[in-house]
Amino acid sequence: MIMGLKDYYKNYFPVGVAVNTHSIKGNEASLISKEFNSITPENAMKWAYIEPKQDIYNWKDADSIVAFAKKNHLRIRGHNLCWHEQNPSWLFVDKNGNQVSKDTLLQRLKAHIFRVVNRYKDAVYAWDVVNEAIDDDSTKFLRDSKWHEICGEDFIDSAFVYAHEADPKAQLFYNDYNAERPEKRERIYKLLKGLRAKGIPVTGVGSQAHWSIYEPKQDELETTIKEFASLGLKVQITELDLSIFPWEKSRRKKNPNENDEYSDQLKAKQAAQYKMIFDVFRKYRQYINGVTFWNVSDKDSWLNHYPVEGRKNYPLLFDSLLHRKAVYWNVAQW
Ligand code: XIL
């Protein structure tokens with residue numbers, strides 16, 4: 001038998017990957033079932049995909065991903081139930097285009113969560129219930145989103161309560177990025193501590209882990225895992241990729257002189273970073289109950305388009321021909 005990532009990590013944690021309807025067909029499909037034992041739908045379970053028009057549902061893509069997972073005996077992480085992005089345009093307004101009330105929005109959230117969670121109850125073992133609620137600005141707490149504007153902080157509590165009612169057995173995660181940066185980590189910690197104190201049914205915290213060869217540093221990563229675990233929460237790495245560029249958020253055009261060559265020096269830095277983070281994951285396996293990569297290969301990483309359109313990136317363990325890269329072995333062998 002040829003071993004895959006899931007086999008190397010058999011005694012540690014499930015190893016997952018984000019998929020779309022394209023990656024569950026053909027060569028990528030066989031790679032996925034060989035290497036991974038968990039999947040996350042990259043987009044197919046987001047609100048804008050599931051209910052693009054009010055009361056008009058599009059289950060096709062999500063259903064086909066769930067069928068693929070069942071056929072290949074893969075775990076499924078549901079992603080996600082409440083976020084400030086990729087929402088349908090009708091969600092926050094009434095038929096006349098006026099902003100809806102808090103009651104109406106929470107009713108919509110409840111109906112959505114019940115509908116989606118119930119549909120995939122026998123398949124999805126964990127949900128990202130609330131995604132990215134903390135602001136990027138370190139002087140602010142919650143992000144200035146429509147959810148926050150209309151509902152105040154209550155939308156977070158409510159989302160978890162509804163998800164737990166819909167499926168009491170599902171693991172429920174709060175998921176965010178840059179969780180290892182001290183100022184953001186402290187704000188995520190504060191949010192989660194508050195949820196725990198109120199008895200809100202949150203079981204874990206997802207660190208998206210859209211990282212780079214420059215961050216996080218080992219001590220930042222270790223401190224983050226230990227702090228979150230100290231709240232009695234499970235920790236998952238939910239959207240792992242290691243960009244060869246420093247982190248950026250705003251979309252922009254590629255500069256004409258911007259170099260996106262995957263040099264030997266960058267490969268060496270990336271190899272060291274991949275080795276370090278998996279050393280840490282193994283060290284803290286008692287707290288970590290899943291590690292998921294965001295996309296299968298460098299061919300279709302979302303980072304080839306975001307935040308810089310057309311700038312090639314090389315963040316994953318498989319190259320554009322779906323072959324294992326040298327860096328694969330920094331993860332699979334120790
Ligand atoms: C990304 C997808 O990968 C892209 O295909 C899509 O265009 C935008 O969303 N944080 C998340 C994910 O929680 O849902 C995002 O996925 C990446 C950042």
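Positions are given from 1, in the same order as the sequence printed here. As the structure lists them, so they are numbered: ligands from 1, and atoms in each ligand from 1. FYI, side chains are in, hydrogens and waters are out, and symmetry mates aren't considered; it's all heavy atoms of this structure. As the structure is a computational prediction, the values presented were derived from the model and not from experiment.
Side-chain N/O atoms of E180 and W211 include a donor and acceptor closer than 3.5 Å. Using a 3.5 Å distance cut-off with no hydrogens or angles, the side chains of D94 and Q99 do not pair a donor with an acceptor. For the 3.5 Å distance criterion, the side chains of Q236 and R77 qualify, holding a donor opposite an acceptor.
Between N175 and ligand 1, a contact under 3.5 Å exists for no N or O pair. When only interatomic distances are considered, the shortest N/O to N/O separation between N295 and ligand 1 does not fall below 3.5 Å.
For the pair R181 and W247, the cation-pi criterion (under 6.0 Å, within 45° of the ring axis) is fulfilled. Relative to the six-membered ring of Y177, K184 meets both conditions, a distance below 6.0 Å and an angle of at most 45° to the axis.
The heavy atom nearest to atom 1 (C) of ligand 1, considering only K46, E85, E239, is found in K46.
A ring pair (Phe, Tyr, Trp, His ring centres under 6.0 Å) with W334 holds for exactly one of Y274, Y12, F281, Y8; it is Y12.
Taking a 4.0 Å cut-off on heavy atoms, W83 registers as neighbouring ligand 1. For H305, the heavy-atom gap to ligand 1 stays at 4.0 angstrom or more.
Distances below 4.0 Å separate heavy atoms of H79 from the following atoms of ligand 1: 11 (C), 12 (C), 13 (O), 14 (O). The distance from ligand 1 to the heavy atoms of H210 drops below 4.0 Å at these ligand atoms: 17 (C), 18 (C).
At the top of the distance list for atom 2 (C) of ligand 1, counting protein heavy atoms only, stands E42 OE2, 3.4 Å. For atom 6 (C) of ligand 1, the nearest protein heavy atom (residue, atom name, distance) is N43 OD1, 3.5 Å. In terms of protein heavy-atom proximity, atom 8 (C) of ligand 1 is nearest to Q86 OE1, 3.4 Å.
With a 6.0 Å radius and a threshold of 12 heavy atoms from other residues, nucleotides or ligands, Q265 has its CD atom at or below the threshold. Within 6.0 Å of NZ in K198 there are more than 12 heavy atoms belonging to other residues, nucleotides or ligands.
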Go through the steps to decide whether F13 and N37 satisfy the test side chain to side chain contact (heavy atoms under 4.5 Å, CB included), and finish with yes or no. CA-CA 10 Å; F13 34 72; N37 50 10; over 6 Å; no

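Residue contacts with ligand 1 for N131 involve side-chain atoms from C-beta outward but no N, CA, C or O (heavy atoms, distance under 4.0 Å). Contacts of W294 with ligand 1, taken as heavy-atom pairs under 4.0 Å, involve the side chain alone. Of all the heavy atoms of N20, none lies under 4.0 Å from any atom of ligand 1, so neither backbone nor side chain is involved.
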